[in-house]
Amino acid sequence: MKLQPVIGLEIHVELKTKTGMFCGCSADHFGKAPNTNTCPVCLGLPGALPVPNHQAIDWAIMIGLALDCRVNLESSFDRKHYFYPDLPKGYQISQYDDPFCQAGKLSLASGKIIRINRVHLEEDTAKMQHQVIDGQKMTLVDFNRSGVPLVEIVTEPDIASGEEAKEFLKKLRDIIRSLGVSDCDMEKGSMRLEPNISWSESPEKLNNYKVEIKNLNSFRFAQQGIDFELKRQKELLDQGKTPVQETRGYNPQKRATFSQRVKETSADYRYFPDPDIPPIVLTREYVENLRTKLPQLPEALANEMVNKFHLSLSTAQLLSKDQLKLAYFNQYKNQVEPLELANLIVNKKIDLDQPPPTKAASRAVDLNIIDQVLKENADAVAKYRTGKTSVIGFLVGQVMRLTGGKVDPKQVQDKLLKALQVRNLQG
Amino acid sequence: MRLNQLTVIEARAGLKAKKFSVVELATACLVQIKAVDKKLHAFLTLNDRILDQAKKLDQSGDDGRPLWGIPFAIKDNFLTEGLRTTASAKVLDNFVPQYSATVYKKLIEAGALCLGKTNMDAWAHGSSTETSDYGSTLNPWNTKYLPGGSSGGSAAAVAADMCLFGIGSETAGSVRQPAAWCGVTGFKPTYGRVSRYGVVAMASSTDSPGPLTKTVADAALITKIIAGHDVYDATTSPRPVEINPNSLQGENLKGKIIALPKEYLIGEASGLILEAVKVFESAGAQVKPVTLMDPQFTIAVYTIIQRCEVSSNLARYDGIRFGHDRSSFSYEAKNRSLLGAFSLSTGYFDQYYKKAQQVRTMIIDEFDRLFKQFDFYLAPISPGPALPLGASKTSAMFGELQDVLVEPSSIAGLTGLSVPCGIISGLPIGLQITGAQFDEQKILQVGHWYQQQTKWHLEKPKL
Ligand SMILES: [Zn+2]
């Protein structure tokens with residue numbers, strides 16, 4: 001029996017909605033004075049009731065759609081019971097039987113597909129702070145974060161290495177950021193990762209143990225932690241031992257995981273549908289309307305920029321996943337020659353609060369005009385293709401006419417030639 | 001007649017005509033509380049600022065708000081900002097809420113004055129008020145008897161004229177049953193018609209706040225004010241409130257088709273129910289016996305769903321907040337929490353909770369079919385009159401057995417009214433008039449008509 005590394009990921013992402021998952025408190029809790037952002041609902045006071053935030057539901061579904069999931073038209077919120085001081089109601093409102101989205105996928109650069117088990121919505125918990133006050137060890141609870149909308153994304157155990165995990169996570173982060181629904185800031189805790197790791201026969205036939213790593217605050221640490229854990233487990237297995245089923249932490253200084261909590265029995269959360277929240281029933285049209293709101297996802301956008309503006313793949317990728325840079329690029333791409341603009345943004349790191357340097361602006365060649373001229377002069381293009389390269393002069397003249405002669409003819413010729421080449425390749 | 005004996009409508013007319021002041025009205029209630037509540041123990045906490053509040057109203061003058069100057073009592077599971085709220089549970093012994101229940105807020109905004117918080121079964125777990133951590137309320141008709149529950153404090157307060165109206169809440173019968181046992185009017189609007197926000201939760205899927213009053217006309221007036229969609233309660237209905245307390249008159253029973261479920265005619269109350277049926281028939285209504293699912297089955301459904309929700313709803317009283325730890329929970333709450341947690345556990349969920357929900361759907365469907373053919377149904381609220389003190393301790397399922405005839409309507413979220421319809425051995429009996437969801441106006445009109453034909457609601461206990 002040959003064992004292989006089998007890794008699944010659970011990712012939590014805080015949504016940047018205006019208000020909480022079930023109350024009107026601000027969802028922007030970071031850096032606020034403790035317990036200044038609370039109300040009866042997120043404090044779990046007697047009699048308080050949750051009212052679901054529809055923006056958060058829409059956004060969770062959009063994440064699911066971007067990950068190619070099936071959207072359940074009937075879903076419900078469930079109560080997940082456990083006792084912990086950061087959980088004021090004694091249960092977390094989450095989703096169990098009928099999450100919003102199921103059965104999606106995300107492919108890696110190698111073409112390998114990582115299946116997504118589910119995307120569901122829940123509420124964040126409060127934050128505990130362990131302090132020494134007047135010489136006494138105390139645990140304080142800050143409820144500012146309690147009730148912030150949290151999306152949980154669970155993969156199938158399809159990942160085989162720390163490197164694959166890192167690639168998947170980066171890609172997922174870029175997609176979620178491009179949707180504009182979360183900052184996915186690991187340092188602020190708005191994106192949290194929990195890999196489950198084992199050596200198993202296959203993702204379908206899991207071993208009788210698994211190890212979960214918690215509190216990983218960067219993709220690099222996730223990669224390192226997973227690789228360390230695989231090695232540690234392999235050594236045990238090679239000696240004929242079974243690794244203990246447990247939760248482990250990661251120490252970046254030592255580049256090693258360490259045991260935190262051994263789970264002997266699985267918890268019984270006593271899930272049942274939350275009677276305070278009627279089931280969420282969506283129509284097909286509603287979901288399709290959400291799908292139309294999806295922006296072009298980073299990968300598709302990068303490919304398009306390579307084709308349309310002749311950017312290098314790496315430049316296009318950098319632009320496509322950075323919302324600020326992308327917005328700047330789109331704002332000025334008709335005034336500044338796009339390839340040059342992209343280089344200014346990515347390599348020269350120009351100030352994005354200022355318009356691009358004017359020298360660049362004056363030489364701009366609008367690629368739409370190049371496209372237009374090529375379309376309107378199909379005869380000349382056909383002649384060029386049969387070897388009559390001299391028609392290029394005619395085409396340059398057409399561009400100069402349309403732009404009122406405000407562009408550099410040399411650059412126009414380069415652009416035309418490049419466009420014709422691309423068309424040749426595609427044609 | 002003393003001012004505290006007035007109905008809400010009479011008192012509003014008197015205030016409008018300046019026959020008496022708000023201070024005089026509130027004082028009459030306080031005098032009555034002082035005189036009889038040592039004996040009855042209906043109140044847990046009194047609002048010690050009520051006379052100041054009354055004085056302020058007198059100074060600013062009647063502004064025409066529908067409850068301007070009307071003193072009321074409210075069950076202690078409704079959160080009242082700044083006024084201690086315990087739900088009769090020692091766990092919340094010194095809990096002073098930071099916010100108010102929507103129902104309470106609406107009443108105060110309508111100009112009403114809160115006299116205080118009334119006794120109940122702890123956490124509303126019961127039908128006797130005997131399981132209160134602060135001791136039982138006694139029945140004003142005979143203090144050796146129970147007032148019913150869980151809204152027993154509010155029912156006794158209304159019956160003994162300590163207030164003009166009371167507010168209760170019902171999970172299955174907790175407004176209508178104490179109303180019946182104390183000889184007052186109790187109304188349970190459709191589930192989702194009145195907000196649960198700020199009411200200490202018992203069983204979230206059936207909890208319904210409602211008024212306890214001296215007449216059906218008062219119940220209509222109060223329900224109109226507390227009903228409606230609440231942005232803080234996702235289970236409230238967005239439907240407009242179709243209750244009009246000014247058009248209760250003129251109900252014509254001729255041609256109405258009324259169901260009389262045979263399975264519900266149990267116990268010594270059924271004789272008086274058949275007397276009431278004659279009143280309806282003599283007005284031209286057709287009363288037809290029908291067969292419904294035996295209400296005994298509802299006991300199982302209700303018990304499972306309610307225990308499950310209770311175990312979850314009590315989880316927040318975890319000993320970290322609210323001042324008192326879990327050793328303060330009394331027997332009944334611990335018992336229900338354990339049963340609920342068990343029923344929700346892996347391996348048992350399908351067997352209990354899921355199956356109970358399936359039968360619940362059957363009950364709802366059965367009522368849907370019934371109300372396609374019938375305008376409403378008549379039945380006893382409780383199989384008999386109030387039981388003696390201590391009776392709740394003789395049976396682990398005391399509440400469920402006492403409420404067997406109202407549980408189906410609670411499980412199905414229907415509109416239910418209890419009106420006095422007779423007296424057995426000096427103790428009142430209640431008639432159940434129950435209609436489809438959102439049929440509040442129809443049921444209130446019928447109840448008002450019944451009170452025009454009969455005098456049972458005018459009978460008062462001799463204190
Ligand atoms: Zn809040």
Side-chain angles (χ1 to χ4, degrees), chain A residues 19-25 35 38-54 57 76-93 96-97 126 128 138-141 143 146 265-280, chain B residues 77-79 85-87 89 91-92 95 97-104 123 191-192 195-201 203-207 230-237 305 308-309 311-322 340-349 352-354 357:
Chain A
T19 57
M21 187 58 238
F22 298 110
C23 70
C25 290
N35 296 311
T38 62
C39 74
V41 178
C42 53
L43 287 173
L45 291 185
L49 299 171
V51 176
N53 178 338
H54 284 272
I57 294 174
S76 60
F77 284 101
D78 299 280
R79 294 184 179 182
K80 177 184 182 181
H81 300 84
Y82 63 92
F83 170 81
Y84 214 62
D86 66 5
L87 193 65
K89 297 188 295 296
Y91 58 83
Q92 180 190 31
I93 305 178
Y96 186 58
D97 274 339
M128 305 220 289
M138 298 234 184
T139 298
L140 305 176
V141 190
F143 287 92
S146 173
T265 52
S266 70
D268 189 340
Y269 293 120
R270 305 194 306 279
Y271 282 103
F272 82 109
D274 192 330
D276 289 332
I277 308 171
I280 311 286
Chain B
N77 57 346
F78 286 79
L79 268 67
T85 299
T86 68
V91 174
L92 291 177
F95 176 59
Q98 300 87 333
Y99 78 106
S100 288
T102 298
V103 165
Y104 177 77
W123 307 108
Y191 176 77
S195 168
R196 295 182 292 117
Y197 186 68
V199 185
V200 177
S204 314
S205 69
T206 57
D207 284 349
D230 182 3
V231 292
Y232 292 108
D233 179 355
T235 60
T236 50
S237 169
I305 293 172
C308 289
E309 294 182 6
S311 75
S312 175
N313 285 334
L314 289 184
R316 70 187 60 192
Y317 308 103
D318 55 10
I320 297 172
R321 286 156 275 258
F322 311 117
F342 171 80
S343 308
L344 290 175
S345 302
T346 308
Y348 296 101
F349 178 80
Y352 293 109
Y353 183 85
K354 258 204 172 140
Q357 288 292 14

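Labels below follow one simple rule: chain letters A, B, ... track the order of the sequence lines, proteins then strands, and each chain is numbered from 1.
Aromatic ring centres of Tyr104(B) and Phe78(B): separated by at least 6.0 Å. Checked against a 6.0 Å centroid threshold, the rings of Tyr91(A) and Phe272(A) do not count as neighbours. Under the 6.0 Å cut-off for aromatic ring centres, Phe77(A) and Phe22(A) qualify, their centroids lying closer than that.
Tyr348(B) OH: 12 or fewer foreign heavy atoms inside a 6.0 Å radius.
Interface remark: Val199(B) contributes backbone atoms only to the contact with chain A (heavy atom separation under 4.5 Å). Using a 4.5 Å cut-off between heavy atoms, Tyr353(B) contacts chain A through its side chain alone, with no backbone atom that close. Looking at Asp207(B), there are no atoms closer than 4.5 Å to chain A (heavy atoms on both sides), in backbone or side chain. Within the 4.5 angstrom heavy-atom criterion, only side-chain atoms of Gln98(B), from C-beta onward, approach chain A. Using a 4.5 Å cut-off between heavy atoms, Arg196(B) contacts chain A through both its backbone and its side chain. The part of Phe83(A) that comes within reach of chain B is its side chain, from C-beta onward, which places non-hydrogen atoms under 4.5 angstrom from that chain. Only the side chain of Pro52(A) comes within contact range of chain B, with heavy atoms under 4.5 Å apart.
Of the listed residues Pro97(B), Gly340(B), Ser204(B), the one with more heavy-atom pairs under 4.5 angstrom with chain A than any other is Ser204(B). Annotation: maximal heavy-atom pairing with chain A below 4.5 Å, among Ser205(B), Ala341(B), Ala201(B), occurs at Ala341(B). By number of non-hydrogen pairs under 4.5 angstrom with chain B, the leading residue of Pro273(A), Pro85(A), Pro88(A) is Pro88(A). Listed options Pro40(A), Gly90(A), Pro278(A) were ranked by heavy-atom pairs under 4.5 angstrom with chain B; first place goes to Pro40(A).
Side chains of Arg79(A) and Tyr269(A): no donor on one and acceptor on the other come within 3.5 Å. Side-chain contact, Asp268(A) with Thr346(B): a donor N or O sits under 3.5 Å from an acceptor N or O.
Shown here are the side chain to side chain contact (heavy atoms under 4.5 Å, CB included) partners of Thr38(A), two or more places apart in sequence or in another chain: Asn35(A), Cys42(A), Leu43(A), Phe143(A), Asn144(A).
Considering Leu92(B), Thr86(B), Asn77(B) as possible partners of Trp123(B), the one that fulfils the side-chain contact (heavy atoms from CB on, under 4.5 Å) test is Leu92(B).
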